[in-house]
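Chain naming here is simple, since letters A, B, ... match the order of the sequence lines and numbering starts at 1 in each. Values below: every heavy atom of this structure, side chains too, minus hydrogens, waters and symmetry copies.
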Amino acid sequence: MSFARRWFWAWLFGLPVLALTIWGIADNQRLFLVTALNGLTLAALYFLVASGFTLVFGLLRNVNLAHGSLYLLGAYVGWVAGEYLGSWFLAVAAGFLFAALMGLLLQIGVFRFMHGQDLRQTMATIALSIIAADVALWVWGGEIYQFDPPRWIIGATALPIVGKFPTYRLVLLAMAIVIGLALWWFLARTRVGMMIRAGVDDRAMLSASGIDVQMVFAITFAIGAGLAGFAGVVGGTALSIAPGEDTRYLLASLVVVIVGGMGSVAGAALGAVLVGVAEQFGLAYAPTYGIVFSFVIMALVLAFRPQGILGRRA
Amino acid sequence: MTIVTSDLPASTPLATGDALELVGVTRAFGALRAIEDVSFTVAAGERRAVIGANGAGKTTLFNVITGDFPASAGRVHFFGEDITEVPAYDRIRMGLRRTYQSSLLFRDLTVWDNLFLAVRGVARGRFDFRRPRASHPSRVATDELLERVRLQPVAQRPVSSLSHGQQRQLEIGMALAGAPRLILFDEPAAGLSPGERRELVALLGALPDHMGFILIEHDLDIALRVVEQVTVMHNGRVLKHGTPHQIENDGEVAAIYMGGGRHA
Amino acid sequence: MSAAHWRKAMNFTDAGRSWSGGRAIAPPRQTTRTAAGSATTSRGWLQSWRQIGARHVAVLLAVLVYPWIVPPFFTYQIGGQALVLGLIALSLTFLAGYGGMLSLAQMTVAGIAGYIVAILGASGTPEISLGWPWWLVVVLAIAGGTLAATLIGWLSVRTEGIYTIMITLAVGMAFFYLAQQNYAIFNGFQGFQKVVPPVVLGVDWRQPMPFYYLALFWALAGYLFVKYLIRAPFGIALQGVRDNARRMSALGFSPVAHRVAAYAVAGFIASIGGVLLVWYNGLITPGSVGTSWMINILIVAVLGGMRHPVGPFIGAVVFVLLQNFAIDLIDRERFNLVIGLVFLVIVLFSPDGLLGWWDKLREWASRRMAQSRTNPVRGNGWRSIGVAQVRPAGRR
Amino acid sequence: MNERRGMLIGLLSTAALGVVFAGGAQAQETVKIGLLATLEGPFAAGGQDGMRGAELAVKERGGMVAGKKIEIIKASSDAKPDVAVNATRKLVEQDKVQIMVGPLSGSEGIAVKDYSKSQPGITFINGSSGAQATTLVNPSPNFFRFNTEGAQWMVGLGDYVLNDKKYKKMALIAEDYAFPYSQVQGFMAGYCKAGGKVTHKAWVPLGGKDYSSVIAKLPTDVDALLVVLGGADAVNFLTQYEQNGGDKPMVGGSITVDQTVLNFKGKRRESLLGTPAAGPMADSIDTPAWKKFVADYKANFKDGFPSPSLFAFVYYINMKAALDGLEAVKGDLSGGQEKYREALKNLKLQTPVGEITLDENRQAIGPTFITEVAKGADGTFYNKVVKTNASVNQRLNLPKEEFDKMGLGSRDVPSCP
């Protein structure tokens with residue numbers, strides 16, 4: 001894309017956004033800032049779910065459409081653990097570990113046998129997600145579950161201009177940043193991380209270099225799935241867990257990674273911010289169609305950059 | 001191979017100008033420049049070989065000419081028309097053809113279907129929902145192509161069940177569909193038996209006069225026997241142009257090309 | 001098209017290029033050529049009739065007689081619904097099986113056609129519905145659905161494989177939320193009730209038997225259409241694009257244009273299915289175009305097998321039977337568990353769906369027969385022949 | 001085909017029995033009742049409890065009415081009208097139920113009512129669906145609803161919060177579909193008439209979970225919030241409102257503070273204490289009939305809620321009506337069920353909350369309750385009755401002209417900013 005065209009697009013999208021921002025701040029400063037903060041914190045949750053999804057896709061080239069189920073199952077198991085062990089932190093750990101284990105099983109028991117068969121993998125994971133949803137309904141019923149985090153997390157914190165803001169959402173934001181940085185460190189600085197990145201860039205090279213590819217795949221899948229379970233507990237604490245959340249977060253992950261670019265952790269972060277902020281502004285300023293906003297963003301990105309904002313052309 | 005009938009009456013008035021003109025064509029993959037600043041001209045009806053060691057950029061050159069990969073810099077002219085920005089399928093419709101080094105055929109379709117696709121691709125009715133009648137020119141043309149590349153016995157077999165030689169034949173047949181003006185042959189002789197090679201030479205030699213081609217071939221016996229001009233490429237650049245005789249006796253070429261092994 | 005006509009077509013008619021190709025074509029010398037491509041159509045329909053075997057006749061008779069021997073419930077809810085769902089899934093089979101594009105938005109396309117029927121025709125919400133004559137409504141619904149499918153195609157053909165799945169899923173969800181939130185046009189969450197088929201020619205097409213035959217007619221029409229189309233230039237080219245888009249563009253085809261056209265064709269089929277579906281249900285709500293139905297259509301298509309246009313109908317029958325009777329088979333209300341397990345088993349063990357099992361069975365049977373006939377010979381010869389027969393050309 | 005053979009055998013045996021007993025009453029030994037509720041998706045918890053309520057009504061009679069065995073055949077939907085109609089059609093046409101009880105949600109109810117017109121020989125009784133239009137617009141002669149609906153439930157709550165709680169100005173947050181529309185109408189019809197103002201309406205999309213930006217937008221100059229959200233959404237809103245430092249008192253819709261919500265698995269329910277709401281029942285009705293009902297529920301369903309939910313209660317009374325009607329005609333469903341329907345129309349249904357009768361559209365006229373959330377000695381939350389409306393009709397006890405002028409509830413109807 002030439003320089004001039006880039007500027008043209010920047011102005012085309014940037015000007016209205018800028019104008020709306022100025023109007024929003026002038027109209028109701030507090031509402032605007034709260035909404036922006038809400039958008040960022042929702043983005044944090046989306047990032048946690050989507051980063052695992054995009055990591056798994058980036059390396060293994062399979063879309064795990066059971067990712068939402070891992071989220072929900074991780075949340076339920078985390079809740080049970082929290083109930084018995086009496087600690088929210090243990091619940092988080094349990095959610096992560098259980099989902100990671102499930103991911104490992106998925107990789108070893110299902111995906112290993114259909115490597116490179118996109119369609120079959122997709123359909124197998126759709127089938128698994130249907131089964132998982134029904135089993136969860138069977139075991140945990142249709143009730144609503146909420147976590148019981150430590151007192152200091154769930155109160156309200158006073159912020160300048162904004163006033164009271166949920167502490168937990170700020171914690172969530174911090175958590176997402178920490179996890180994002182940890183992921184970056186893991187991918188950039190550790191041996192396994194470097195292998196994963198090498199695999200993302202060139203899978204043939206990975207297998208040629210004598211590395212145990214299956215092991216790298218399994219580790220990646222476990223981490224990606226574990227992140228979904230982790231997000232399940234963390235997100236379940238922010239909102240609640242109930243049947244149907246699996247589809248919701250699967251869709252959120254899909255939109256986030258399509259917008260951000262498949263296989264890129266940074267893309268997931270960018271996509272999550274765009275989608276989360278758009279969703280919250282939609283809810284605050286145009287509640288009727290707020291929920292359609294994220295899909296509109298996705299369509300726009302697709303029309304002009306099919307591989308996603310930070311995605312590479314396949 | 002038997003006599004190949006002309007696709008065109010010999011007296012067809014041809015477009016003026018050269019068949020192909022490359023001006024400073026460069027193609028980069030990231031930092032790597034697969035071909036750099038390649039310029040040469042192929043006259044209408046000319047037969048030319050492009051030779052060079054592996055990795056010299058020959059196939060990339062073909063890909064840039066046909067539009068499989070767009071050129072990073074430089075222009076490509078086809079019969080006087082600038083086709084640098086023209087999509088691949090439009091270049092084909094203009095009369096450019098190519099074969100692929102490792103055959104890219106539709107393995108699950110039959111031989112007949114493959115040829116039929118080649119015929120329909122350069123004709124109208126690509127979106128035709130009606131099955132053509134037996135007397136339909138596109139089917140007649142397909143059947144003739146089939147005969148020309150002598151694949152009638154396996155017409156209804158899926159390509160995946162064909163022998164390597166048959167697949168190469170089919171590949172050439174597909175390039176001959178319609179009315180090509182310039183054909184790019186990418187190592188058509190690779191993996192063929194001596195007998196098959198002889199047939200190939202006959203087939204190339206029997207192409208109508210107006211139909212120029214560019215040939216990538218490692219087997220210099222073939223390459224130098226059927227062409228009028230030779231371009232030698234080295235490390236993505238054009239090293240030399242000349243007649244087969246000149247090239248054969250060129251010391252530099254011998255040093256870098258033949259010295260590196262004919263089938264390197 | 002006459003030969004002269006064709007010659008003209010073969011020429012490059014652009015006046016700017018003073019070049020003329022084409023050639024005089026001699027009449028075919030031998031008409032007894034074995035080419036099946038010729039054989040299937042060389043004498044038009046006359047030849048096609050020869051392909052009809054005993055099993056085709058048997059199946060046709062069975063589906064024709066079916067409503068006379070079963071109670072109305074089986075005619076309508078099992079037969080009618082399976083045919084309608086099969087028709088919508090057929091559009092996916094065409095798109096995915098022959099075009100290599102797995103779109104989850106086929107139910108969305110059907111839903112758009114259904115919504116148009118409800119909005120332009122008569123419904124229980126007269127404030128929105130315009131009450132136009134049914135024939136106009138149906139034509140506009142199918143046109144609208146096809147147009148929507150083309151747009152979805154235009155948006156998603158830039159992507160491949162898994163991206164297509166995700167993008168069509170997301171487009172479908174966008175439409176779902178739009179329909180649910182918009183009251184002015186889509187009547188929001190409630191959608192439209194009482195959208196009934198018209199009484200035409202003195203027949204109430206809502207009655208089980210008329211509806212069944214209506215659905216059967218369109219299902220057969222759709223089946224034959226796809227079956228015909230996949231051997232027509234467009235269909236063969238589509239399979240070429242599926243197998244290798246780059247090669248197709250080196251033959252002069254525009255893969256993008258072909259893919260978008262395939263979406264349009266599939267959208268046309270799905271739109272007919274959508275009109276029938278809204279008549280079948282008598283209503284349309286956002287729930288009819290939600291994720292579960294989008295995925296159900298995929299399940300139907302995969303269950304039956306995507307290698308042959310009869311697959312989606314087989315899948316639909318199994319799906320509808322499961323949906324209705326799973327609750328009687330197992331103690332708890334675990335329909336989704338059953339459907340999920342069946343789906344998983346199919347995906348894991350038979351990539352070609354139930355049709356794949358059928359083929360394996362036939363292969364096994366023919367092997368047994370071959371063995372009993374030529375018992376001492378246990379070479380590998382039969383295998384290659386068998387495989388070639390089981391997987392004929394033009395199929396994956 | 002199995003079914004066909006079954007029919008054939010049935011036909012033959014009926015004929016044979018007819019010869020032997022010369023009356024053939026033996027074939028009518030059982031009465032088949034279809035029971036449809038939502039067992040999948042977000043309403044699954046409510047659907048499960050609805051099933052319990054209906055089963056309780058059958059158990060109370062020992063599974064027999066007028067000497068006939070009651071056979072319940074269950075079906076499930078996922079709150080979608082097309083699925084509900086398919087499930088109903090299967091029960092009616094395939095399983096040959098004679099009486100149909102269900103479905104659970106509003107749009108399903110309208111769709112099943114439409115379907116009932118094509119099955120004049122079967123009697124349809126509502127489950128817990130509460131859309132106004134079901135019986136108000138194009139009612140079906142064989143569709144009965146023995147429960148009061150969403151708008152009726154909220155009658156009187158407006159006056160109560162205005163006069164007793166002194167909430168002069170309110171903001172509203174509710175889900176964007178028919179049931180909350182009617183709930184809001186029931187509330188606002190009385191509230192606006194009595195001089196209250198609703199200055200801000202936040203209709204949130206169904207299934208949106210994150211309300212924080214909606215909360216940020218709520219005006220601060222109101223006295224209280226009317227919250228009409230159901231199930232998971234209500235819990236999400238309450239949690240987030242508290243976390244955002246919200247301190248306005250709340251007024252709930254009928255399913256906002258239902259047992260499904262009061263019992264969510266979490267410990268942050270304290271903020272619900274004292275919340276006024278209204279509905280067709282309350283946990284603490286001080287009558288022997290109600291106490292017996294609750295005791296029976298607890299005794300029969302160990303896995304149920306601490307006290308029956310609204311869904312259990314409503315399914316219970318509808319099933320009870322079906323059985324009481326059957327009792328009244330001594331199990332005689334002959335003659336296209338004409339007698340049975342006549343009996344249902346004239347039924348004075350004795351329910352745990354009082355007597356329910358039907359209007360000319362076969363819609364219930366009955367008592368409703370205004371409640372406040374309270375905490376029991378054992379720590380469970382329940383709805384305490386603060387006021388009882390002896391009888392509310394579908395026109396919200398308004399004169400016909402006044403109600404018709406207002407029309408059905410929607411995003412903008414009624415309005416009093």
*Of the backbone (N, CA, C, O) and the side chain (C-beta and beyond), which part of A:Met298 lies under 4.5 Å from a heavy atom of chain C, both, or neither?*
side chain
*Quick one: what part of A:Leu251 sits under 4.5 Å from any heavy atom of chain C, side chain, backbone, both or neither?*
side chain
*Which of parallel (below 30°), tilted (30 to 60°) and perpendicular (above 60°) describes C:Tyr98 and C:Phe94?*
tilted
*Please work out whether the ring planes of A:Tyr76 and A:Trp140 are parallel, tilted or perpendicular, with thresholds of 30° and 60°.*
parallel
*Which heavy-atom pair separates A:Leu65 from A:Ser129 by the least distance, and what is that distance?*
O-CB, 3.9 Å
*Could you walk me through whether A:Ile130 and C:Ile299 pass the side chain to side chain contact (heavy atoms under 4.5 Å, CB included) test, one step at a time?*
CA-CA 11 Å; A:Ile130 294 171; C:Ile299 292 178; 3.6 Å; yes
*Do C:Phe186 and C:Phe175 make the cut of ring centroids closer than 6.0 angstrom?*
yes
*chain A interface, residue from C:Val342, C:Ile346, C:Val345, C:Leu341 that has the most non-hydrogen pairs under 4.5 Å*: C:Leu341
*Side chain, backbone, both or neither: which part of C:Leu298 has an atom under 4.5 Å from a heavy atom of chain A?*
side chain
_Does any backbone or side-chain atom of C:Leu344 lie under 4.5 Å from a heavy atom of chain A? Answer side chain, backbone, both or neither._
both
